[in-house]
Amino acid sequence: MELPTALAGLDAHPWAAVNHAYGPAEDLPDLLRIFAEGGQDAEEALEELYSSIVHQGTVYAASADAAPYLARIAASGRQTVDALRLLGCLAESEDEHDVKPGAVRSAVTAQLPLLIPLLADGDAAVRQAAGWTIGHTRDTRTALPAIRARLAAETEPTVRAELLTAYSRLDRAGAGTEARALLSPDTPAPLRLAALFAALGPEQPWLAAHHDTVIGLLPARETAAAGYGVEHRDPLGAIVEILLGRDTDADREHALALLDIALRDERPAVRAEALWAADRACMLSRSAPQRLIPAIAPLAADRAAAQLLGKIGPAAAEAAPLLTELAAQPDDEAADQALAALVLVAPQDAAPLLARALGRRPYAMQCATGSHAPAGVPFPYDPELLAAVRTRLAAKALERPEERKECGCPTTADHNDTAGLVHLLRQWGPKAARALPELCAILPRFHYAATAITSVAVGLGPKQREQAATALRADAGNLFVAQALHELTGETEPLFAAAEAALATGVRGCAEGAKALAELGPAAARIAPALRAALGRTVDRDTTAEADTDLALALALWRITGEASEVVPVLASVFDRSKGQRWFHRTTARAAREIAVLGPAARPLTAQLHALLDDPAQAPSAVLGLLAVADPAGLDRAQLAEAVLHSAETRADLKGAGDALRALGPAALTPEQQDRLAALAGGDRRLIVYGSDHSMIREDEQLRAALTSVLPAAAARATAGAC
């Protein structure tokens, strides 16, 4: 096919009538033409096509309209591999926007008469790309026979591997039967790896042949890189995840035994692959850390191993001596990596080491006080560390911002470092009283030091408290400083002034000012008019920030005035505005929880709360709201428990589900629901499988404890009933 034929009708097509990621697809004719012609701008055009018609994996109506042109470009022999890859991405996508389900894949499938001949192309790269794309059509009538026929004729191992993977997508059972004969060590590595995945069907048991194949292929990442299957790019990790996903004792042991062998392998590349897979296993399986720590601990000098030990936390205590030794080495970067793990594994051992190198261990400091630190667990107090913190804060107090700019020190890093130091002192409270002068000295530059000043000064003598109050008064125009001053001394006038000023600075200031005033309750009555004025602000475009601000303002008014008649309509509008809005679900859930403070006064909102029970992401918050505001006689507690359990089982809002189940109590659970809760709390599969890698294990263990706390009472109640 000649290129003019491939592009025939391109300009006449009604592109303006269909959308891609950025709106009407009027730019597609130029992009497709530039790409097809293969000039110096072709690569940029291809990137634009990916961004437009398969944006981050999402496909659109314009994606379907582009498919015939891409297929003809591929058939013309111009940009064939790239055109095939793009078509395969379109067919692969499950994320469809504003298009009939399956329409884009169907548009690619309709091009099979043009694509199937490419399976016999003289270029192996074209044959491989064609196999990958055709496999994603899921077409068993035309594509499957073509793939099977080509697999029988193909001799290139990499292409055969891609064809076998495509065969597996189209006919899992048929491909599995053929694959089992290819697990022999004599089979070329790419084909053997593809055969291994094809043979791992859901109903297929794990056999010694599978185990031997995996071990024989390690390290397997380079082999996997020859194929297009993204899900197989980390072969060992993918296999381990498949086995753990079966959730049986036997398959779990098979997975962990593979990892144990690979972690102890003498080859660095194998250990690196094993550590990556072990990390994933520990995130998925509650029993994996205990099983694997003996093999991981000796590798603590490796960054990936140290990070994994830190994620596991105190359960990896046997690695503490080696981490301590590594944290004392002269290489600052390597020592920081080891100390960061030690902070999370054995914080008491880490404190003096952190003191001796404060300022040179940023990652360890982040693990002690920043985003990686365990929430609600203060870092251990250490006199040597306190002295080091004071010295570092004193130096910051003497620095001038312009001097830091001249020396090239980034402001963000400066604030992060200071925030960590302040956080330590805040956690230690009166134990850190000797740092009060340094905190007062940095307050003008770092207003968040105010909360630490209050924490440190509480319980001290009148003279030191007055020293703290004087420093806070000097900067009380800042809302957070004014709040700290009120907490320390009870003074309200500076807080009134700062909050009223914040209310006039936009949605963020409105929300912060409202929350500060809400804490004062009726004592802030004279500021109520300013809150009402903020509620009446002009809104150009309704956003989650606007809805969140209205929620904060309404709740503050309730706490101050107790006037349900003016507050409930505002809260109702937050629910109404959020309904059906994709990005408003967090606002809705927050509103459902926080209206509990109104109690029965919010009863007019009961119907809106009930409407949220069908959404697993919002059900736990809705239950908490209903328990606080609805008429108890009208609540079906078993129905509420069902909504919460469904939320937990679908991992939609795990923390909220734990809170709601505790609020409902064991009496609300039917015996069947108790069994499901026990399976969630006691099973090997982790509940939290998404989020920050550094907190997932810790959060899962906390959630497990929270869910388990409901069970003993439930069991006791059941036993008492039986008697």
Side-chain angles (χ1 to χ4, degrees), residues 168 172 176 179 183 193 196-215 217-221 224 229-265 270-296 299 304-305 307-309 311-313 315-316 648-651 654 676 678-701 703-704 707:
S168 181
R172 185 70 191 232
L183 297 179
L193 183 60
L196 178 63
F197 281 106
L200 281 180
E203 306 301 324
Q204 297 300 319
W206 180 261
L207 304 174
H210 298 131
H211 176 93
D212 294 343
T213 299
V214 175
I215 299 301
L217 284 167
L218 293 177
R221 282 181 177 171
V230 175
E231 68 274 25
H232 301 160
R233 288 293 169 85
D234 177 25
L236 183 58
I239 291 163
V240 165
E241 188 162 349
I242 289 170
L243 291 173
L244 292 177
R246 295 179 177 181
D247 202 22
T248 69
D249 291 341
D251 285 313
R252 191 175 304 116
E253 177 52 30
H254 291 316
L256 300 181
L258 275 176
L259 289 175
D260 189 78
I261 292 171
L263 287 165
R264 300 176 191 274
D265 196 285
V270 175
R271 294 198 302 270
E273 197 167 321
L275 281 168
W276 186 269
D279 190 298
R280 187 60 182 150
C282 290
M283 297 296 163
L284 294 173
S285 164
R286 289 168 173 161
S287 62
Q290 183 178 8
R291 175 73 165 77
L292 298 177
I293 284 171
I296 298 169
L299 307 178
Q307 289 181 341
L308 179 52
L309 291 168
K311 295 172 189 178
I312 294 171
E649 289 167 338
T650 56
R651 276 66 169 172
L654 287 160
R676 287 160 58 194
L680 280 173
D684 186 73
R685 292 179 62 194
R686 293 199 186 277
L687 294 175
I688 295 179
V689 294
Y690 301 106
S692 167
D693 279 354
H694 291 274
S695 63
M696 284 167 56
I697 292 176
R698 187 166 59 241
E699 290 177 4
D700 180 79
E701 290 168 352
L703 179 62
R704 183 183 190 182
L707 295 179

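Residue indices begin at 1 and follow the sequence shown.
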Salt bridge (charged side-chain N to carboxylate O under 4.0 Å, His left out) evaluation trace for R704 with D700: CA-CA 6 Å; R704 183 183 190 182; D700 180 79; 5.9 Å; no
CA sep, side-chain torsions, deciding dist, call: W206, I242, side-chain contact (heavy atoms from CB on, under 4.5 Å): CA-CA 11 Å; W206 180 261; I242 289 170; over 6 Å; no
Look up atom [atom1] in [X] and atom [atom2] in [Y], then write down how far apart they are to the nearest 0.5 Å.
| X | Y | atom1 | atom2 | answer |
| --- | --- | --- | --- | --- |
| I312 | L292 | CD1 | CG | 7.5 Å |
| L218 | L236 | CG | CG | 5.5 Å |
| M696 | C282 | CE | SG | 11.0 Å |
| L703 | L654 | CG | CG | 5.5 Å |

Non-hydrogen atoms of [X] and [Y] that approach each other most closely:
| X | Y | answer |
| --- | --- | --- |
| V270 | A262 | CG1-O, 3.7 Å |
| A316 | I293 | CA-CD1, 3.7 Å |
| A198 | A179 | CB-CB, 3.6 Å |
| L299 | A305 | O-CB, 3.1 Å |
| L243 | D251 | O-CB, 3.5 Å |
| R252 | S287 | CD-OG, 3.3 Å |

Validation row: [X], [Y] side chains within 4.5 angstrom (heavy atoms):
| X | Y | result |
| --- | --- | --- |
| P235 | L217 | no |
| R264 | R271 | no |
| R686 | E701 | yes |
| L256 | V240 | no |
| L308 | I296 | yes |

Electrostatic pair D234-R280, nearest N-O below 4.0 angstrom: no
Pairing of R291 and E253 as salt bridge, 4.0 angstrom limit: yes
Test side-chain contact (heavy atoms from CB on, under 4.5 Å) applied to I239 and H211, step by step: CA-CA 10 Å; I239 291 163; H211 176 93; over 6 Å; no
Any donor-acceptor N/O pair, [X] side chain to [Y] backbone, under 3.5 Å:
| X | Y | answer |
| --- | --- | --- |
| R685 | D247 | no |
| E273 | A220 | yes |
| S285 | A281 | no |
| R221 | R233 | no |

Verdict with supporting geometry, L707 and L687, side-chain contact (heavy atoms from CB on, under 4.5 Å): CA-CA 11 Å; L707 295 179; L687 294 175; 3.4 Å; yes
Mutual orientation of the aromatic rings belonging to H232 and F197 [parallel < 30°, tilted 30-60°, perpendicular > 60°]: parallel
Worked check of side-chain contact (heavy atoms from CB on, under 4.5 Å) between E649 and R676: CA-CA 9 Å; E649 289 167 338; R676 287 160 58 194; 2.9 Å; yes
